Amino acid sequence: MNIKSVADFIKEREIEQALKLAARADRSMVQDCIQKAVSMQALTLREVAVLMCADGDLREELYEAARFVKNEIYGSRLVLFAPLYISNLCTNECSYCAFRKDNKEVRRRWLSQEEIAQETRILINQGYKRTLLVAGEAYPKNDFNYVLESIATIYATKSAKGEIRRVHANVAPPTVEQFYQLREAKLGVYQCFQESYHRPTYAAVHKAGKKADYDWRAAVMHRAMASGVGDVGMGVLYGLYDWRWETLALMQHIRDLERTFGAGSHTISVPRIEPAVGSKLATRPPNAVTDDDFLKIIAVLRLAVPYTGLVMSTREPAEIRRKSLEIGISQMSAGSRTDPGGYSESTIDKDAGQFVVGDHRPLDEIVKEVAEMGFIPSFCTACYRVGRTGSDFKNLASHPHVMSRNCETNALTTLLEYLCDYSVSNRVAGEHMIEMQLEKMAPTQRAFVTQMLNRIKRGERDVFV
Ligand code: SAM
Ligand code: SF4
């Protein structure tokens, strides 16, 4: 088994050298790297570092390239989901997080299975088909079964015409044995952010608990893949250390997974530190990332790992979320609550939430806006369910036309399902959008998709390729 006990794939000297060389890059070198990325060739660490130097008018060229690559691979689809916080119990001391153990300002809460079912029903009744289960790093009675049971509860919950079809999880790094159990439980993506790859920074902000062990956390993706959980979601918590350094370290981590397992990260998230109750650091992040640099990170990631989904959360305000869609983001959460039980309660319990949410708009409003911007809101969960995961997904993703045919079909069927079952007010505009998408297709594809859409109109559900 390719399991690591030390994260030796992070090579600090290489990162520093790449940054030094890139700092000397002239205009033509930046343009050459942009051109290489547009032709979808893999970039070296140094080339990614050079892309990060695209400033002034070159920044617009970078965005243009990112727009092009995004469109080539993802078309105009945007996958929507919501997180489901099951507990804010935690034994760690992450200085930026409201859930940290010694924070007396947060009201501790963990949900019973009935409460989880209730939260799930609310999400289903809004139209969601996928959710991200989130928990602090401690479980009631210190029992990992709590996570497994919660996943089972979410899958078992039905409401009216709907159900959650895929559960992802962002929970403390599991052992190999626990990964086997997660696989049995039909986990979708296992998500875990390294927060900081820079060891001194990591040590300074993770002072107690299991999470203080950098290597245990950094090796989690190797444990996941070695146990057959092929879809992993990675990320850095932007604001802790220099964003350029962290992004290059993330690339090294991904490239090591690619070399070892034939697939890197299925998704990358781009959390940026937001204010959190009881955290001074979160109010003033030591290396705060400006909005402009944040958008640049998204564009650079889109070019550096073109086949990897990029996920945006509701940490960010609406304006940034809108801009990020064009230059790289392919999945987005909507209508999120970060306080366990939050969907069942009418007022936001800011004393039980993890961080301050930047975009409070409900799903239906996001669907409307996204569609008006020309994107297809998608609730597709097909790949995970037909086994297009890990290296199989990666191989398929590198044939954009195949991916695009499947994904576009599934995006349209799931959108129509959403419009019919959950969004009477958006139905006319939504169906008009579907018509416009059909018009752009080749005749055989159009006939095929129309047939699938007609099945939805006749009342069939969960129609996908
Ligand atoms: N407890 C597990 C862990 O730490 O991996 C999983 C859940 S934790 C709630 C999910 C992520 O939230 C963390 O990995 C961290 O990146 C992010 N987070 C924590 N505090 C944050 C803050 N103040 N602003 C933005 N993101 C934050
Ligand atoms: Fe606990 Fe995760 Fe928050 Fe750290 S980030 S305090 S581990 S919930």
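Numbers here are sequence positions counted from 1. In listed order, ligands and their atoms are each counted from 1. On a predicted model such as this, the values are computed, not experimentally measured, just so you know.
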Near A276 (heavy-atom distance under 4.0 Å), the atoms of ligand 1 are 23 (N)
Close side-chain approach of F9 and K4, heavy atoms under 4.5 Å
yes
Between N170 and ligand 1, which residue portion shows a heavy-atom distance shorter than 4.0 Å: side chain, backbone, both, or neither?
both
Under 4.0 Å from a heavy atom of R100: give me the atoms of ligand 2 that qualify, with their elements.
6 (S)
Within 4.0 Å of some non-hydrogen atom of K211, the atoms of ligand 1 are 3 (C), 4 (O)
Near-ring test F81/H168, centroid separation under 6.0 angstrom:
no
Quick note on ligand 2: atoms under 4.0 Å from a heavy atom of G136 include exactly 8 (S)
Run the numbers for me: atoms of ligand 1, each under 4.0 Å from some heavy atom of G136, listed by number.
1 (N)
Is the ring pair W110/Y146 parallel, tilted or perpendicular, if the boundaries are 30 and 60 degrees?
perpendicular
Tell me whether the rings of H253 and Y197 are parallel (<30°), tilted (30 to 60°) or perpendicular (>60°).
perpendicular
May I ask you to check whether over 12 heavy atoms, not counting those of K158, lie within 6.0 Å of atom NZ?
yes
Using heavy atoms and a threshold below 4.0 Å, how should the contact between A135 and ligand 1 be classified: side chain, backbone, both, or neither?
backbone
Atoms in ligand 1 with a heavy atom of I273 nearer than 4.0 Å:
24 (N), 25 (C)
Parallel, tilted or perpendicular: ring planes of H222 versus F261, cut at 30 and 60 degrees:
perpendicular
The protein heavy atom nearest to atom 3 (Fe) of ligand 2 is C97 SG, 2.4 Å
Tell me whether R272 forms a cation-pi arrangement with F294, defined as NZ or CZ under 6.0 Å from the six-membered ring centre and within 45 degrees of its axis.
yes
C97 contact mode with ligand 1 (heavy-atom cut-off under 4.0 Å)
both
Tell me the contacting part of E93 for ligand 2: side chain, backbone, both, or neither, using a 4.0 Å heavy-atom threshold, strictly below.
neither
How about C94: does one of its N, O or S atoms come closer than 2.8 Å to atom 3 (Fe) of ligand 2?
no
Interatomic spacing from OH in Y85 to CD1 in I116 - rounded to 0.5 Å:
14.5 Å
Going by the atom numbers of ligand 1, which of them fall below 4.0 Å from some non-hydrogen atom of R217?
3 (C), 4 (O), 5 (O), 14 (O)
How does R272 reach ligand 1, by side chain, by backbone, by both or by neither, if only non-hydrogen atoms under 4.0 Å count?
backbone
Under 4.0 Å from one or more heavy atoms of V134, ligand 1 contributes atoms 7 (C), 9 (C)
Please state which protein non-hydrogen atom is closest to atom 5 (S) of ligand 2 and give its distance, to 0.1 Å?
K211 NZ, 3.4 Å
Run the numbers for me: atoms of ligand 2, each under 4.0 Å from some heavy atom of C90, listed by number.
1 (Fe), 6 (S), 7 (S), 8 (S)
Parallel, tilted or perpendicular for Y202 and Y214, by the 30°/60° rule?
perpendicular
M312 and I298 have their tightest heavy-atom pair at CE-CD1, 3.8 Å
